[in-house]
Amino acid sequence: MPALKPTNLTATVTWLGIVTSADRKELVAETRAALDLTFAGITGSVHEGATRPSCSRVTAQYKRGTEIRNERQLSIVSEEELAQIAAALGLARIDPARLGATMVLRGLPDFSHLPPSSRLQAPSGATVMVDMQNRPCQFPARSIEAVEPGKGKGFKRAAEGRRGVTASVAREGRVAVGDVLTLHLPDQRAWRPET
């Protein structure tokens with residue numbers, strides 16, 4: 001019996017991008033029609049690499065700057081959750097490039113809360129593995145503020161629980177706008193520490 005079960009749930013890729021500039025003042029992705037995923041992530045991305053220096057998200061485990069496995073090669077967001085963030089900010093829409101996103105998907109409910117180790121598999125066989133929920137940070141807030149003065153300041157609150165997930169490449173291959181990805185979930189019950 002497989003430990004990862006395919007579901008009948010799918011998501012359509014509606015946007016792809018890559019952040020190539022390390023300028024953290026305005027983390028903006030460049031739009032792409034397709035991306036070639038490798039075990040190191042996306043060639044030319046600021047998030048490329050099998051390893052990365054640890055950041056503020058893991059200071060309870062590692063001293064900042066410690067070399068660790070890179071589970072943050074990709075930033076994947078939901079089209080539906082982006083619309084909710086935009087509405088909370090009083091905007092018609094948010095350009096996913098302003099979030100430094102890699103991929104925007106449409107069709108999976110409660111996307112930002114997908115279980116860790118879930119897989120999203122493209123028709124090419126390319127597969128990404130969800131690490132965990134991506135927490136809102138100041139970089140997208142600054143980027144939104146640059147084009148929508150007064151709106152970026154509310155990003156962190158508006159995006160709480162809706163910022164998408166971070167992921168890494170589990171199988172190499174190509175993902176293109178319009179691809180339909182299949183969700184695979186770990187075959188295990190939820191953790192119950194009280195037992």
Side-chain angles (χ1 to χ4, degrees), residues 11-50 52-53 55-57 70-86 88-89 91-108 111-112 114 120 122 124 126-149 151-156 158-160 162-170 172-181:
T12 302
V13 178
T14 62
W15 186 91
L16 293 168
I18 177 175
V19 177
T20 58
S21 171
D23 179 4
R24 300 295 247 168
K25 291 179 185 170
E26 206 173 299
L27 191 69
V28 180
E30 300 168 9
T31 303
R32 298 285 195 263
L35 292 173
D36 292 311
L37 305 181
T38 72
F39 291 126
I42 302 164
T43 302
S45 167
V46 296
H47 299 293
E48 177 184 11
R52 69 179 178 92
C55 64
S56 62
R57 291 172 177 88
N70 187 6
E71 302 95 358
R72 301 181 59 82
Q73 294 170 336
L74 309 169
S75 171
I76 308 173
V77 295
S78 155
E79 187 174 280
E80 294 87 352
E81 290 174 344
L82 279 180
Q84 292 173 340
I85 296 167
L89 292 175
L91 297 170
R93 71 178 289 275
I94 292 178
D95 181 352
R98 292 271 158 202
L99 274 64
T102 309
M103 191 179 300
V104 178
L105 302 178
R106 178 180 58 233
L108 284 176
F111 181 77
S112 290
L114 285 177
L120 294 162
S124 69
T127 306
V128 298
M129 179 174 63
V130 171
D131 177 44
M132 65 175 65
Q133 185 182 121
N134 199 3
R135 302 298 167 122
C137 68
Q138 74 270 16
F139 299 121
R142 287 184 200 149
S143 186
I144 292 167
E145 188 68 24
V147 294
E148 296 286 351
K151 302 294 184 177
K153 295 174 186 173
F155 173 77
K156 286 178 76 171
E160 189 66 39
R162 302 175 179 148
R163 178 65 174 87
V165 298
T166 58
S168 59
V169 177
E172 296 182 321
R174 178 167 272 226
V175 176
V177 171
D179 279 356
V180 175
L181 308 184

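In this chain, numbering begins with 1 at the start of the sequence shown. No hydrogens, no waters, no symmetry mates; every other heavy atom, side chains included, goes into these values.
Using a cut-off of 4.0 Å between Lys/Arg side-chain N and Asp/Glu carboxylate O, Glu160 and Arg162 are scored as not salt-bridged.
Each of Val128, Thr127, Asp179 was compared with Leu120 under the side-chain contact (heavy atoms from CB on, under 4.5 Å) criterion, and only Val128 meets it.
With a 4.5 Å cut-off on side-chain heavy atoms, Met132 and Val165 do not count as touching. For the pair Leu82 and Leu99, the minimum side-chain heavy-atom distance is below 4.5 Å. You'll find the side chain of Thr14 stays beyond 4.5 Å of the side chain of Val177, heavy atoms only. Inter-residue side-chain proximity for Ile42 and Glu48 is flagged as unmet; no heavy-atom pair is nearer than 4.5 Å. Within the 4.5 Å cutoff, no side-chain heavy atoms of Leu74 are placed close to those of His47.
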Donor-acceptor list for residues 134-141 side chains, cut-off 3.5 Å, not counting sequence neighbours:
{"from": "Asn134", "atom 1": "OD1", "to": "Arg72", "atom 2": "NH2", "distance (Å)": "3.2"}

Taking distance alone, no hydrogens or angles, what donor-acceptor pairs closer than 3.5 Å link side-chain atoms of residues 33-40 to residues at least two apart or in another chain?
{"from": "Asp36", "atom 1": "OD1", "to": "Arg174", "atom 2": "NE", "distance (Å)": "2.8"}
{"from": "Asp36", "atom 1": "OD1", "to": "Arg174", "atom 2": "NH2", "distance (Å)": "3.4"}
{"from": "Asp36", "atom 1": "OD2", "to": "Arg174", "atom 2": "NH2", "distance (Å)": "2.9"}
{"from": "Thr38", "atom 1": "OG1", "to": "Ala40", "atom 2": "N", "distance (Å)": "3.1"}
{"from": "Thr38", "atom 1": "OG1", "to": "Gly41", "atom 2": "N", "distance (Å)": "3.4"}
{"from": "Thr38", "atom 1": "OG1", "to": "Gly41", "atom 2": "O", "distance (Å)": "3.1"}

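Atom-to-atom distance recorded for Arg52:CZ and Asn70:CG is 6.0 Å, nearest 0.5 angstrom. Atoms CG and CD, from Leu89 and Gln84 in turn, are 12.0 Å apart once rounded to the nearest 0.5 Å. Interatomic distance, Thr166 OG1 to Ile76 CD1, rounded to the nearest 0.5 Å: 8.5 Å. To the nearest 0.5 Å, the span separating CE on Met129 from OG on Ser168 amounts to 4.0 Å. To the nearest 0.5 Å, atoms CD1 (Ile85) and CD (Glu80) are separated by 11.5 Å. In this structure, Glu79 CD and Leu105 CG are separated by 9.5 Å, a value rounded to the nearest 0.5 Å.
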Taking it one step at a time, do Met103 and Val77 satisfy side chain to side chain contact (heavy atoms under 4.5 Å, CB included)? CA-CA 6 Å; Met103 191 179 300; Val77 295; over 6 Å; no
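When all heavy atoms of Ala29 and Trp15 are compared, the closest pair comes out as CB-CH2, 3.8 Å. Listed here is the closest heavy atom pair of Val175 and Ala122: CG2-CB, 4.0 Å. When every heavy atom of Val104 is checked against every heavy atom of Pro96, the shortest pair comes out as CG2-CB, 3.5 Å. Across all non-hydrogen atoms, the minimal contact from Thr12 to Gly178 is CG2-O, 4.1 Å. In terms of heavy-atom proximity, Ser143 sits nearest to Val28 at OG-CG2, 3.5 Å.
In this structure, Gln73 contributes its side chain and Gly49 its backbone to a donor-acceptor pair below 3.5 Å. The backbone N or O of Ser75 lies less than 3.5 Å from a partner atom in the side chain of Thr102, making a donor-acceptor pair.
Ser112 and Glu81 share a side-chain donor-acceptor pair at under 3.5 Å. In this model, a donor atom of one side chain and an acceptor atom of the other lie less than 3.5 Å apart for Thr20 and Glu30.
Partners of Glu145 by side-chain hydrogen bond (donor to acceptor under 3.5 Å, both in side chains), not counting sequence neighbours: none found.
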